[in-house]
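Quick caveat: nothing in here was measured; it's all calculated off a predicted structure. Atoms within each ligand, like the ligands themselves, are counted from 1 in listed order.
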Amino acid sequence: NEIYAGGMSGVPPRFPMTFAELEARARAAMDPSVFSYVAGGAGEEHTQNANVAAFRRWGLMPRMLVGAAERDLSVGLFGLSLPSPLFMAPIGVLGVCAQDGQGDLAAARAAARTGVPMTASTLSAAPLEEVAAGFGGTPGFFQLYTPTDRELAESLVHRAESAGFAAITVTLDTWVTGWRPRDLAIGNLLPMRGRVLANYMGDPVFRSRLARPPEEDPVAAVLHWAQIFGNPLTWEDLPWLRSLTSLPLVVKGLCHPDDVRRARDGGVDGVYCSNHGGRQADGGLPALDALPGVVEAAEGLPVLFDSGVRSGADVVKALALGATAVGVGRPCAYGAALGGTDGVEHVLRSLLAEADLLMAVDGYRSPAELTPDALRRVP
Ligand code: FNR
């Protein structure tokens, strides 16, 4: 209604209304190496494309005479009451996606405006304390890339706790960077440029490992970061991860039901079904196809989901397949590129408005009413 009202007074919408247009406009606005880092994936990008295509193989079944004039999209997660089932997936280069280099802060302000929680990545251009300061009353999650330096991991988690984050999400599928031809072709892996390492460069433990402070020798600091970045954890490390925090602990990157059961037995508070948007391993299954098995194995534990969500219809389908909350990845990066806080807010509000309208038309009043029965396989 806001957009149509604007149109009536001669004010055209500021941002694109489809993902395709959003990506095209972002491409024109962004530094080419940043765009290819965001848009690209692993290998021939089959997994990345399959993530999106998987949603098209499900069709929503409309129900009539439900009178779904009132909808309530709120969900409960880790004891929090969220106004909608959306959250922002962690995006490590969000900072440099925005024209002013402050995309993390833009997303944090968009979280404050919309009530959609942001997952702040370890790889950010602004320190986690500054990101959290932008959340307003909206809860936020901190995503940990676990370094080999355990004291540094502990320091990052404790800083996140002190900064007021509501949960810790540990990403398990990225202790090494996947084979990414677009980045390989230009010889540029964005984090290696040092601009999204604020959480490390300001950390007392990280600094104590350097011969000279990063301000004096930035190259040595980045090289040290590259050495300690990824820890190939095993199940034996799960008790240690669990012991790092009393906050809700989520593990990201689970697709196999056995891994979900093992994580649940290890005391995690939520599992996050994702294949990293197809950025890490090509030749994989669409994350959406793994979701039902993850939900079943989770046995009531919250299930977060991302990978391929591009529209409100996608959000509704992921909920119907059992996701507790649905993560938005690349669209937020493009929103930040096109309009900072306003751009991210536009992306989130558009997804929510479309999901809400779809539920109105199709007769579903709440996420709880969206069950697998709302879906049919498209032949
Ligand atoms: C990511 N993703 C990611 N995940 C994570 O746990 N920590 C991170 O720092 C990042 N960084 C990151 C950067 C960029 C540019 C992208 C596109 C993605 C993965 C992200 O959280 C999410 O899993 C995917 O974005 C989901 O796929 P789609 O829906 O964006 O295609």
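Note: F305 and F87 fail the aromatic proximity criterion, with ring centroids not under 6.0 Å apart. Ring centroid separation for the pair F206 and H224 comes in under the 6.0 Å cut-off.
At least one N or O atom of T171, backbone or side chain, sits closer than 3.5 Å to an N or O atom of ligand 1. Below 3.5 Å of separation, one finds no N or O of V93 facing any N or O of ligand 1. Residue-to-ligand polar distances keep V38 apart from ligand 1: every N/O pair is separated by 3.5 Å or more. Taking any N or O of G308, backbone or side chain, at least one lies under 3.5 Å from an N or O belonging to ligand 1. Between R310 and ligand 1, at least one pair of N/O atoms sits closer than 3.5 Å. Considering backbone and side-chain atoms alike, Y37 places every N or O at 3.5 Å or more from each N or O of ligand 1.
Considering only non-hydrogen protein atoms, atom 13 (C) of ligand 1 sits nearest to G92 N, 3.5 Å. At the top of the distance list for atom 24 (C) of ligand 1, counting protein heavy atoms only, stands G277 N, 3.8 Å. Here the heavy atom of the protein found nearest to atom 10 (C) of ligand 1 is P90 O, 3.2 Å. If you check which protein heavy atom lies closest to atom 15 (C) of ligand 1, you get R279 NH2, 3.6 Å. The nearest heavy-atom contact from the protein to atom 22 (C) of ligand 1 is D306 OD2, 3.1 Å. In this structure, atom 30 (O) of ligand 1 lies nearest to the protein heavy atom R330 N, 2.8 Å. The nearest protein atom to atom 9 (O) of ligand 1, hydrogens excluded, is given as S121 OG, 2.7 Å; this is a heavy-atom distance. Scanning the protein heavy atoms around atom 5 (C) of ligand 1, the nearest turns out to be Y145 OH, 3.3 Å.
Residue contacts with ligand 1, taken as heavy atom pairs separated by less than 4.0 Å, involve Q143 solely via side-chain atoms from C-beta onward.
Listed by number with element, the atoms of ligand 1 under 4.0 angstrom from any heavy atom of K252 are 4 (N), 5 (C), 6 (O), 19 (C), 20 (C), 21 (O), 22 (C), 23 (O). Residue contact check: V309 has heavy atoms under 4.0 Å from atoms 29 (O) of ligand 1. Listed by number with element, the atoms of ligand 1 under 4.0 Å from a non-hydrogen atom of G329 are 25 (O), 30 (O). Here is the list of ligand 1 atoms found below 4.0 Å of a heavy atom in S274: 23 (O).
Distance check, rounded to the nearest 0.5 Å: SG of C273 to CG of D259 gives 11.0 Å. Once rounded to the nearest 0.5 Å, the distance linking CG of L94 with CG of L123 reads 11.5 Å. The distance from the SG atom of C97 to the CE atom of M30 is 4.0 Å, given to the nearest 0.5 Å.
When each of T138, V75, L73 is paired with L82, the side chain to side chain contact (heavy atoms under 4.5 Å, CB included) condition holds for V75 and for no other.
Side chain to side chain, T148 and N231 fail the donor-acceptor criterion of an N or O pair below 3.5 Å. The closest side-chain donor-acceptor pair between R109 and T341 falls under 3.5 angstrom.
Not a single heavy atom of N51 sits less than 4.0 Å from an atom of ligand 1. Under a 4.0 angstrom heavy-atom cut-off, A333 registers as lying outside contact with ligand 1. Taking 4.0 Å as the cut-off, Q48 does not count as a neighbour of ligand 1 on heavy-atom distance.
At least one side-chain heavy atom of L288 sits under 4.5 Å from a side-chain heavy atom of W58.
Ring geometry for H346 versus F15: interplanar angle of 30 to 60°, hence tilted.
At a threshold of 4.0 Å, the pair R159-D203 counts as salt-bridged, since one of the basic side-chain nitrogens sits closer than that to a carboxylate oxygen. In summary, D306 and R330 do not engage in a salt bridge, as defined by a charged side-chain N under 4.0 Å from a carboxylate O.
Cluster membership check: F165 shares its hydrophobic cluster with V170, using side-chain heavy-atom separations under 4.5 Å among Ile, Leu, Val, Met, Phe, Trp and Tyr.
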